[in-house]
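Step one of this worksheet: look at the structure below.
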Amino acid sequence: MAESMKNYHDSLKEALEDSFLRKTLDTFAVQYKVNRANIFADMNATELINEIADHKDKAMLKLDELYQQFVEQASKKGLHIHRASTAQEANDIICNIAKENNVKKIIKSKSMTAEETHVNHALEANGFEVVETDLGEWIIQLRHEGPTHMVMPAIHLSRYQVADTFSEATKQDQDSDIGKLVKVARYELRAHFADADMGISGANFAIADSGTIGICTNEGNGRLTTTLPRVHVAICGIDKIVPNIEDALRIIQVLPRNATAQAITTYVSWISGSSNCEINSDKRKIFHLVFLDNGRTSLLKDPKCGQALRCVRCGACANVCPVYRLVGGHKMGYVYIGAIGLILTYFFHGHDRAKNLIQNCINCHACKDICAAGIDLPGIIQEIRARLVEEEGSPISSTLLAKVMTNRKLFHTLLKFGKFAQKPMTSGKFVRHLPTIFAGDQSFRSLPAIASESFRDRFAKLNASAQGTPKVGIFAGCAQDFVYPEQLESAVKILQAKGAGVAFPYEQSCCGLPLQMMGEREAAKKTAKANVDAFSNSNVDYIVTLCASCASHMKDHYTELTGDDPSYKDKTAKYLSKLIDFSSLAKNVLKVTEDDFINRGAKVAYHSPCHLCRGLGVTKEPRELIGLAGEYVPTAEEDVCCGFGGTYTMKFPEISSTVLALKLKNVEEGSKDGIKPELLVTDCPGCIMQLRGGEHKHGDKVKVQHISEFLGHNLKSK
Amino acid sequence: MPGNPGTIDASAVELFKAKAKLATIVIAEVKDLAAAIDYAIEVTEKSELGKLMPTKAGTIPPSDPNRKKTLTAPSISDADYAVLAQKGEAKGFTMIRSGLRQYLAGIDVGFTVADIGIAETATSACENDSEDYRLASMISETHVLALAKSKIVKTSYDAVSYLKEAFGREHNYTSFISGPSRTADIERVLTLGVHGPLYMHIALMEE
């Protein structure tokens, strides 16, 4: 059943009000990053992740062959292999195995694939008793809930809730001491292990060249599940097939480190063929393996989304997601959770279940940055949005925006008209009263007023010289062209002071990111081509943008967006090769030094925009620039999203505002050694809109500036 | 088999010890298997009498006031077991060599010998197709494992030839064990001994 967007918002609000959940996930989000950095300290994580991606891709290309090889090897060793094309088929197979073997009680160790097929429901409907043995899974089974994290399924529950659940299950009062609760599980579950007839496990790997499965667990329940009962059924997706042990070992280098910041899970069990089992007449385990397809074969052939099959289920995409951190897994996935959960829900559990979830991505790229298999998670999420628009049609607002934005003149006329329309509502640089459709949900931060004169109208008056070295073309982006032209003017001032020539091709338009985010693919293509054309004859050495979001969108998507027309191949490549962010240009090309600035000793915090630090990989330059003209004050979680996310802030104001509050709290608290910043500098106008608006509502404790404004303000006049 | 018999990669051993500490594994350094056996006896003697779990018939009732400490070592050779059993019985332990399924309520100490060690993760690897062997390292409250220093390699990739040989057999169950059983499923608080051993000791053997 499709959930309405309103119901989804209601459930998000409920989650936001769950103070235990908020506190737990907040602590986790902060500790996880520290712990992960430590556990990867003496390794090259990026290189390892690239290798995993590469090997996974290669394996997926010859999956049929590997599958055959696995079947051949494993069948020789007495393993019964089944292939299920749907979840229902998998469940039927497992139910039949249980019936044929006269099974009564079944124990399970953790398996996301079994969650995916809802095998417990099927088994229980057929009269079998099913007991989860992973502690977290057992807790949520007793509570009739689904997991809220792929690795820590009960992370949303407190010890008191667990004590209540265990008291009910054991019919005696249980202490809320965690050590004692773990003992309760040990005692209760050991008894189930003792008399279960069948064990169901997942598999992290199916190794083709030896017909071996590999299972990673910390608790050891996987080992008992595969040892004690007379029958063992393993279920795994066909995507878990790897060519050889080396591939599995490579994944193990990253999987536990990414999941829980452990060097390795306590146990890894490698099972080849039917192992010794004393209670069967031939002393051998009855061993079945069910390979699940459930949409994987078609996903494999999907050129844009197929890489989702690289996923090793570490759960790290949830660990770093600023939205997951606020609302938890029940609102950030269906069975699979986090960014990969949004994606797999669409492919495995149907478009209806996915269509609200898929909107709830802020596009901060934190998941892409950490993914154990280097999956472009935000890119796939955007692709799915585009498909949903194509399948179901756009919402009216989105169609209108697409129409307007592909017509540059109309769009710009409307923006200019906007400055008159807003007149009665503005107060200084902010909009005083919001039109009623925005009031309420959007009131957490002031929205900026449209500038009285756009940058494109002011540029001619600046008398900037086009002569100079290097010659720099300005890509303005909508926010700075029409809302914050002073940021661009400040950049022009610095460029000219350093002898650079400046050009502004007037035919440029919106970069197209808002269209991309809403899934308006055709409109995004048109704007991309318009911008490439606008700069193609300008003869500039660099195209600088002061908006990290524009830059990362162009870098990541323009090749593809203009790719349907071969005449753009070279033009787009040239355009992208010239593209640079302002901080990198100032530091590395213009080579500004402290001699260029008057350092007034201002204490300056920095917000690292998602699309700059992760999108473009620029982290060092802005902080160094701050140091040239002020004192850089490091604050906590500088690289965590501000909550803006373009259209996201309009769609999910309840989350956007909470992410913002966290950001401002970190800034206002200052550095570890107690230095409080007076300025907050960043290099993306979207972040500025959010941060400055939030600070305005917050009493303007810290002044928010674009790095170009900060540098321009302190530039020595010659 | 990785490593040349008798040669010890000292830096791998040091790395193993350092990583073992992080994984809450107690390390003892001993001369040989005989000394490791003595160490298992010593650990059993010092351990508290485990609280056994109520489970199906055939196990030791938890309330038995005369219950003696139990020590199992199903996978060592007859000769080594004879030595262990003699010493264990002298200390008054109940010695168990097979049929561990009958002791699911718990055993105090399980003693096993690993095939190889992987230093970077303090992992002990062993082929344990025998269910008794597996259970000895799972249902015991304390797991004492003997590992020859000469069998310690640096990384998991160095164990590939060992693993390939193992996986090539008709029946094989190979385990990586890297510490006591652990969970953080309740409030992310690390707790040891959820399903398997609460404590793990490794006796690193010179020979």
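Predicted model only: the values in this text are computed from it and were never measured. FYI, side chains are in, hydrogens and waters are out, and symmetry mates aren't considered; it's all heavy atoms of this structure. Letters A, B, ... are given to chains in the order of the sequence lines, protein chains preceding strands, and every chain is numbered from 1.
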Max heavy-atom pairs within cutoff under 4.5 Å with chain B, candidates A:K283, A:R250, A:H149, A:K76, goes to A:R250

Interatomic distance, OG@B:S156 vs CD1@A:I264, rounded to 0.5 Å, equals 7.0 Å

Turns out that what part of A:I215 lies under 4.5 Å from chain B's heavy atoms comes down to neither

Check for a donor-acceptor pair, side chain of A:S210 on one end and backbone N or O of B:F167 on the other, with a separation under 3.5 Å.
no

Apply side-chain contact (heavy atoms from CB on, under 4.5 Å) to the pair B:D185 and A:I155, showing each step before the final yes or no. CA-CA 7 Å; B:D185 272 354; A:I155 191 173; over 6 Å; no

Greatest number of non-hydrogen atom pairs under 4.5 angstrom with chain A, of B:K19, B:E127, B:M138, falls to B:M138

Ranking A:T227, A:V182, A:I271 by heavy-atom pairs under 4.5 Å to chain B gives rank one to A:T227

Checked A:R159, A:M152, A:K183 vs chain B; the most non-hydrogen pairs under 4.5 Å come from A:R159

Ranking A:T265, A:L135, A:L181, A:T226 by heavy-atom pairs under 4.5 Å to chain B gives rank one to A:L135

(Q) Between A:N276 (side chain only) and B:E131 (backbone N and O only), is there a donor and an acceptor less than 3.5 Å apart? (A) yes

Applying a strict 4.5 Å limit to non-hydrogen atoms, the region of B:S137 in contact with chain A is both

Rounded to the nearest 0.5 angstrom, the CZ-CD1 distance for A:R190 and B:I139 is 6.5 Å

More than 12 heavy atoms from other groups under 6.0 Å of OH on A:Y32: yes

Most heavy-atom pairs under 4.5 Å with chain B, out of A:R284, A:E246, A:K285, belong to A:R284

In terms of relative ring orientation, are A:F193 and B:H195 parallel, tilted or perpendicular, with 30° and 60° separating the classes? perpendicular

Separation between CG (A:L249) and CG (B:L163), nearest 0.5 Å, reads 6.0 Å

The interface call for B:R188 against chain A, heavy-atom contacts under 4.5 Å, is side chain

In terms of heavy-atom pairs under 4.5 Å with chain A, the winner among B:T191, B:I186, B:T121 is B:I186

When rounded to the nearest 0.5 Å, the distance separating CD1 of A:I245 from OG of B:S161 is 11.5 Å

Most contact-rich option vs chain B, by heavy-atom pairs under 4.5 angstrom, among A:S158, A:G273, A:G78, is A:S158

Turns out that what part of A:I252 lies under 4.5 Å from chain B's heavy atoms comes down to neither

Applying a strict 4.5 Å limit to non-hydrogen atoms, the region of A:Q31 in contact with chain B is side chain

Turns out that what part of A:Q253 lies under 4.5 Å from chain B's heavy atoms comes down to side chain

* Could you tell me whether the side chain of B:K164 reaches within less than 4.5 Å of the side chain of A:D209, counting heavy atoms only? => yes

### Test side-chain contact (heavy atoms from CB on, under 4.5 Å) applied to A:E278 and B:S98, step by step
CA-CA 10 Å; A:E278 289 293 320; B:S98 61; over 6 Å; no

When the 4.5 angstrom heavy-atom criterion is applied to B:L135 and chain A, the contacting part is side chain

**Prompt:** When you look at B:S181 and A:R223, which way does the side-chain contact (heavy atoms from CB on, under 4.5 Å) test go after all the steps?
**Reply:** CA-CA 11 Å; B:S181 157; A:R223 248 176 131 219; over 6 Å; no

* Asked: Is the count of non-hydrogen atoms from other residues, nucleotides or ligands lying under 6.0 Å from A:F20 atom CZ greater than 12?
  -> yes

The interface call for A:F28 against chain B, heavy-atom contacts under 4.5 Å, is both

Output yes when a side-chain donor or acceptor of A:R186 lies under 3.5 Å from a complementary backbone atom of B:G196, and no otherwise.
yes

Of B:T183, B:N128, B:D129, the largest count of non-hydrogen pairs under 4.5 angstrom with chain A goes to B:D129

Output for pair (A:T217 OG1, B:R182 CZ), nearest 0.5 Å, gives 11.5 Å

Exercise for the section: Might you work through the salt bridge (Lys or Arg N to Asp or Glu O under 4.0 Å) test for A:K23 and B:E187, ending with a clear yes or no? Expected result: CA-CA 11 Å; A:K23 189 163 169 272; B:E187 294 191 12; over 6 Å; no

To the nearest 0.5 Å, atom OH of A:Y267 lies from atom OG of B:S178 at 9.5 Å

For residues 169-177 of chain B against chain A, heavy atoms under 4.5 Å, the residues are B:R169, B:E170, B:H171, B:N172, B:Y173, B:T174, B:S175, B:F176, B:I177

